[in-house]
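Counting starts at 1 for both ligands and their atoms, following the listed order.
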Amino acid sequence: MYRIRFHGRGGQGMKTASRILGTAFFREGFEVQDAPRYGAERRGAPIFAYVRASKSVINERGIIRRPDLVMVADDTLVTIAAAGVMSGVTAHTVLLISSAAKPEVWQERLKFPGPVLTLPAAAEVAGLLERRFIGAACTGAGARLVGVISRDALARAIREELAPLGEAIVAKDLQVALEAYDLMAEHAGCVTEGQDPPADAYEKPAWIDLPFEDANISAPIIHAPATSELVPTGLWRTMRPIIDYDHCKRCAWICSTLCPDGTISINAEGYPVIDYQHCKGCLICMTSCPSHAIRAIPEQEAAAGMTGGVRS
Ligand code: SF4
Ligand code: SF4
């Protein structure tokens, strides 16, 4: 059975990518499961989706614990333990990362036990708009790496799954997916089916068993205030809003009022200040600023030294 995991951020199309790859497998006569795994309101947050494909009946359920192929649409996720990119990988696992860095760099950095490939075409796209199609690139690359999906089956799956989005979107996804498919030609078939684990190899998930308590304890009245402030949702951000204070007119109520997370406060001088611990990078502030005083830069650039949005 093939066991494939897609890792990305909410909004990058990993759910759709897994769906398309599953359909392409199905077109080639495989039994298929595909499913995303994420909670509510996850734009920008680490999510994953997975595909199982086999010529036999699939009895396995739940998340994939021993993947044959792991595809990562956003290389900033690799270092986030909670994203689980490295979960269950073995020497049999192929890792494909969308990144401008070379495979050897990732191999060394991660001490990855199996083969590592990168998808440079997707990482080098010029416009932000193009990043919307990273899911299609992963789908095309994955289809070629397993070596059992024809170009035609991939194209049919894309048309079938994306038809409601209109011909222009379908055409762009087709172009990106087929380019990635061709790019992986020399690695075709490098992902092979993993063995089915024997029943006695079952590993109990790291659940915590809580004993039942009396109703007055197990259904307590909660007096504590909300704890959402303690969740660093800034971790989910892929693009960082930067305020250019030379152009800010201190109209104040627009960006700070429209920020859905309430992360823009106003300082004593009347300038907006972004709380990057909690800004999720939705960029509503940027699109609504009438003075065009807010721009966005990739989070990686920001981490490399560029800062903004803070005025002391
Ligand atoms: S909306 Fe623009 S001009 Fe108004 S306070 Fe915010 S950054 Fe400044
Ligand atoms: S990008 Fe702007 S509007 Fe969105 S959460 Fe961050 S500060 Fe708020």
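Seen from the ring of Y276, R240 counts as a face-on cation partner, given the 6.0 Å and 45° thresholds.
At the top of the distance list for atom 5 (S) of ligand 1, counting protein heavy atoms only, stands A252 N, 3.1 Å. With hydrogens left out, the protein atom closest to atom 2 (Fe) of ligand 1 is C289 SG, 2.3 Å, a heavy atom. Protein heavy atom at the shortest distance from atom 4 (Fe) of ligand 2 is C282 SG, 2.4 Å. Atom 6 (Fe) of ligand 1 has its closest protein heavy atom at C255 SG, 2.3 Å. The protein atom (non-hydrogen) at minimum distance from atom 7 (S) of ligand 2 is T263 OG1, 3.4 Å. Among all protein heavy atoms, the one lying closest to atom 1 (S) of ligand 2 is L283 N, 3.1 Å. Among protein heavy atoms, atom 8 (Fe) of ligand 2 sits closest to C259 SG, 2.3 Å. With respect to atom 3 (S) of ligand 1, the closest heavy atom belonging to the protein is K249 N, 3.3 Å.
A distance-only check finds a donor-acceptor pair linking the side chain of H92 to the backbone of T192 [under 3.5 Å]. Side-chain atoms of R237 do not come within 3.5 Å of backbone N or O of Q277 as any donor-acceptor pair. Remark: the backbone N or O of E269 is paired with a side-chain donor or acceptor of R250 at under 3.5 angstrom. The backbone N or O of I64 sits less than 3.5 Å from a side-chain atom of R5, completing a donor-acceptor pair.
For ligand 1 and I294, the ligand atoms under 4.0 Å from any heavy atom of the residue are 7 (S). Atom numbering of ligand 2 starts at 1 in the shown order; those under 4.0 Å from a heavy atom of G281 are 1 (S), 6 (Fe). Set against the non-hydrogen atoms of P241, the atoms of ligand 2 under 4.0 Å away are 1 (S). The contact set between ligand 1 and I254, taken as ligand atoms under 4.0 Å from a residue heavy atom, comprises 1 (S).
Taking 2.8 Å as the criterion, C279 does not count as a coordinating residue of atom 4 (Fe) of ligand 2, since none of its N, O or S atoms falls below it. Atom 2 (Fe) of ligand 2 has an N, O or S atom of C285 inside 2.8 Å of it.
In this structure, W106 and A101 approach most closely via the heavy-atom pair NE1-CB, 3.6 Å. Across every non-hydrogen atom of M286 and I294, the tightest pair is CG-O, 3.0 Å.
The closest approach between any non-hydrogen atom of P260 and ligand 2 is below 4.0 Å.
Within the 4.0 Å heavy-atom criterion, both parts of C251, backbone and side chain, lie near ligand 1. The side chain of I264, and not its backbone, has at least one atom closer than 4.0 Å to an atom of ligand 2 (non-hydrogen atoms only; side chain from C-beta on).
The one candidate from R65, R52, R66 that meets the salt bridge (charged side-chain N to carboxylate O under 4.0 Å, His left out) condition with E60 is R52.
In summary, the side chains of Q300 and T76 do not present any donor paired with an acceptor at a separation below 3.5 Å, with no hydrogens or angles considered.
Note: F25 and F30 have perpendicular aromatic rings, judged against thresholds of 30 and 60 degrees for the angle between ring planes.
Atom CZ of R19 is surrounded by 12 or fewer heavy atoms from other residues, nucleotides or ligands within 6.0 Å.
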